[in-house]
Trainee: 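Handing you a structure now.
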Amino acid sequence: MKLVLATSNKGKVKEIQALCGDYEVIPYGEIIEEFEIIEDADTFKENALIKARAVFNAINDDSIIVLADDSGISVDILNGAPGIFSARYGGTNASDKDNLTKLMDAIKEKGVESSPAHYTAAIALVTKESEFCVHGWMYGRAMSHASGTKGFGYDPMFIPLGYEKTLGALDNTIKRNLSHRSKALHLAKIILETL
Ligand code: ITT
């Protein structure tokens, strides 16, 4: 089954391909030129559906299934920020490093070294006949300092529950087994089997 990924985030592509070995997973940028998708909803779910629908309509092939991932990190001491604004936390064209630095600084400014936090992933599936959206979460702590280079985004500052190192420092297989994305994809695969 051909699954088109509605993302231009290479970290997500790598993780989704590793978790969906049974499918031919193709980033949409390999089919059409990537374009800007305005994610202006106020939930992960609606933003994931916006991305999946935009790519489905742009490719204009009724036989494909499009999968989109909208995700982010929510930090308790920051009242859940950056949440759905995770990609733009450090500014409109912020890099992963800008976002990471800004979030660590925000935690430091609260006078703590870490805070309970969680990642959320909403995975949307869009086909000619149907639309679905499922979620997954990963709980742990957001740190005021970074360590390690594995993963992407905020991984160097996130320690999953039950571990002592950040996702940046832990083996990739650990994230693959417990991440928000892997939990949501587990549910998405159940839906895919019914299509
Ligand atoms: P697409 O919209 O093209 O998929 P994006 O990076 O803009 O790419 P989002 O709008 O979903 O994706 O923003 C997600 C933000 O949360 C982004 O800054 C990521 O780096 C971060 N993020 C999401 N999942 C993550 C993970 O597993 N590890 C680290 N950071 C993550």
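These numbers come from the heavy atoms of this one structure, side chains and all, not from hydrogens, waters or symmetry mates. Just so you know, ligand 1 is whichever comes first in the structure, and atom 1 is the first atom listed for that ligand. Remember, predicted model here, so these are calculated numbers, not experimental data.
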Trainee: Distance to 0.1 Å, residue and atom name: give those for the protein heavy atom nearest to atom 10 (O) of ligand 1.
Mentor: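 The answer is Glu39 OE1, 3.1 Å.
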
Trainee: Provide the number and element of each atom of ligand 1 under 4.0 Å from a heavy atom of Asp69.
Mentor: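 The list of qualifying atoms is 4 (O), 11 (O).
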
Trainee: Closer than 4.0 angstrom: is that true for some heavy atom of Met138 and an atom of ligand 1?
Mentor: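 Contact absent.
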
Trainee: For ligand 1, which atoms have a heavy atom of Gly72 less than 4.0 angstrom away?
Mentor: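 Per the distance check, 16 (O).
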
Trainee: Considering residues at least two apart in sequence or located in another chain, which fulfil the ring pair (Phe, Tyr, Trp, His ring centres under 6.0 Å) criterion with Phe85?
Mentor: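 In terms of ring pair (Phe, Tyr, Trp, His ring centres under 6.0 Å), with neighbours along the sequence ignored, Phe85 is linked to no residue.
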
Trainee: Looking only at protein heavy atoms, which one is nearest to atom 30 (N) of ligand 1, and what is the separation?
Mentor: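 Answer for atom 30 (N) of ligand 1: Tyr154 N, 3.1 Å.
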
Trainee: Write down the atom of Ser71, the atom of Arg181, and the distance for their closest heavy-atom approach.
Mentor: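 Minimum heavy-atom contact is OG-NH2, 3.1 Å.
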
Trainee: Hey, is Ser179 one of the residues with a heavy atom under 4.0 angstrom from ligand 1?
Mentor: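 The answer is no: ligand 1 sits nowhere under 4.0 Å from a heavy atom of Ser179.
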
Trainee: More than 12 heavy atoms of other residues, nucleotides or ligands under 6.0 Å from CG of Asn93: is that the case?
Mentor: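 No, the 6.0 Å shell around CG holds no more than 12 heavy atoms from other groups.
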
Trainee: What is the closest protein heavy atom to atom 5 (P) of ligand 1, and at what distance does it sit?
Mentor: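 The protein heavy atom lying closest is Lys12 NZ, 3.9 Å.
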
Trainee: Quick one: nearest non-hydrogen protein atom to atom 23 (C) of ligand 1, plus distance?
Mentor: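 Answer for atom 23 (C) of ligand 1: Ser71 OG, 3.1 Å.
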
Trainee: Would you find a donor on one side and an acceptor on the other, under 3.5 Å apart, between the side chain of Lys51 and the backbone of Asp69?
Mentor: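 Yes: the side chain of Lys51 pairs with the backbone of Asp69.
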
Trainee: Taking 4.0 angstrom as the limit and counting only heavy atoms of Asp70, give me the atoms of ligand 1 inside it, by number and element.
Mentor: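 Listed by number with element: 9 (P), 10 (O), 11 (O).
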
Trainee: Hey, which atoms in ligand 1 end up nearer than 4.0 Å to a heavy atom of Asp96?
Mentor: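 Reading through ligand 1 atom by atom, the close ones are 20 (O).
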
Trainee: Counting only N and O atoms by type, is there a donor-acceptor contact under 3.5 Å from the side chain of Lys45 to the main-chain atoms of Cys133?
Mentor: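 Checked: no pair found.
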
Trainee: Give the single entry among Lys51, Lys10, Glu15, Glu36 that approaches atom 2 (O) of ligand 1 most closely by any heavy atom.
Mentor: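 That would be Lys51.
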
Trainee: With heavy atoms of Asp155 as the reference, note each atom of ligand 1 found under 4.0 Å away.
Mentor: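 This gives 26 (C), 28 (N), 29 (C) as the contact atoms.
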
Trainee: Step by step, work out the ring pair (Phe, Tyr, Trp, His ring centres under 6.0 Å) result for Phe35 and Tyr28.
Mentor: CA-CA 10 Å; Phe35 57 97; Tyr28 86 99; 5.6 Å; yes

Trainee: Nearest non-hydrogen contact with atom 22 (N) of ligand 1 belongs to which option: Phe152, Phe158, Phe85, Tyr28?
Mentor: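 It is Phe152 whose heavy atom sits nearest to atom 22 (N) of ligand 1.
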
Trainee: What's the shortest distance from atom 7 (O) of ligand 1 to any protein heavy atom, and which residue and atom give it?
Mentor: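 For this ligand atom, the closest protein heavy atom is Ala87 CB, 3.7 Å.
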
Trainee: Identify, for atom 1 (P) of ligand 1, the protein heavy atom at the shortest distance, and state residue, atom and that distance.
Mentor: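 Of every protein heavy atom, Thr7 OG1, 3.4 Å lies nearest to atom 1 (P) of ligand 1.
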
Trainee: Looking at ligand 1, is there an atom of it that comes within less than 4.0 Å of some heavy atom belonging to Lys175?
Mentor: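 Within the 4.0 Å threshold, so yes.
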
Trainee: Working to the nearest 0.5 angstrom, can you tell me the gap between Asp155 CG and Tyr119 OH?
Mentor: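 Going from the CG atom of Asp155 to the OH atom of Tyr119 covers 4.0 Å.
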
Trainee: So, using ring pair (Phe, Tyr, Trp, His ring centres under 6.0 Å) as the criterion, who are the partners of Phe56 when residues are at least two apart?
Mentor: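 None.
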
Trainee: Would you say the side-chain atoms of Thr173 and Asp171 include a donor-acceptor pair closer than 3.5 Å?
Mentor: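 Present: a donor and an acceptor within the cut-off.
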
Trainee: Please identify which atoms of ligand 1 are closer than 4.0 Å to at least one heavy atom of Gly153.
Mentor: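 Heavy-atom distances to Gly153 below 4.0 Å select 20 (O), 29 (C), 30 (N).
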
Trainee: Report the distance from atom CG of Leu19 to atom NZ of Lys183, rounding to the nearest 0.5 Å.
Mentor: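 Reported value, rounded in 0.5 Å steps: 12.0 Å.
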
Trainee: Compute the minimum heavy-atom distance from Ser8 to ligand 1 and say whether it is under 4.0 Å.
Mentor: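 Under 4.0 Å: yes for Ser8.
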
Trainee: So, does Ser182 use its side chain to make a donor-acceptor pair with the main chain of Arg176 at under 3.5 Å?
Mentor: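 Yes, because the side chain of Ser182 sits within donor-acceptor range (under 3.5 Å) of the backbone of Arg176.
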
Trainee: Quick one: CG on Leu67 to SG on Cys20, what's the gap to the nearest 0.5 Å?
Mentor: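 With rounding to 0.5 Å, CG (Leu67) is 6.5 Å from SG (Cys20).
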
Trainee: Where the side chain of Asn99 meets the backbone of Gly90, is there a donor-acceptor pair that is under 3.5 Å apart?
Mentor: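 Such a contact is found between Asn99 side chain and Gly90 backbone.
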
Trainee: Which residue and atom name correspond to the protein heavy atom nearest atom 24 (N) of ligand 1, and how close is it?
Mentor: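 Ranked first by proximity to atom 24 (N) of ligand 1 is Arg181 NH2, 2.9 Å.
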
Trainee: In the protein, what heavy atom is nearest to atom 6 (O) of ligand 1, and what distance, to one decimal place, separates them?
Mentor: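 Closest protein heavy atom to atom 6 (O) of ligand 1: Asn9 ND2, 2.9 Å.
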
Trainee: What atoms in ligand 1 come closer than 4.0 Å to a heavy atom of His180?
Mentor: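 Within the 4.0 Å cut-off of His180, ligand 1 contributes 24 (N), 25 (C), 26 (C), 27 (O).
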
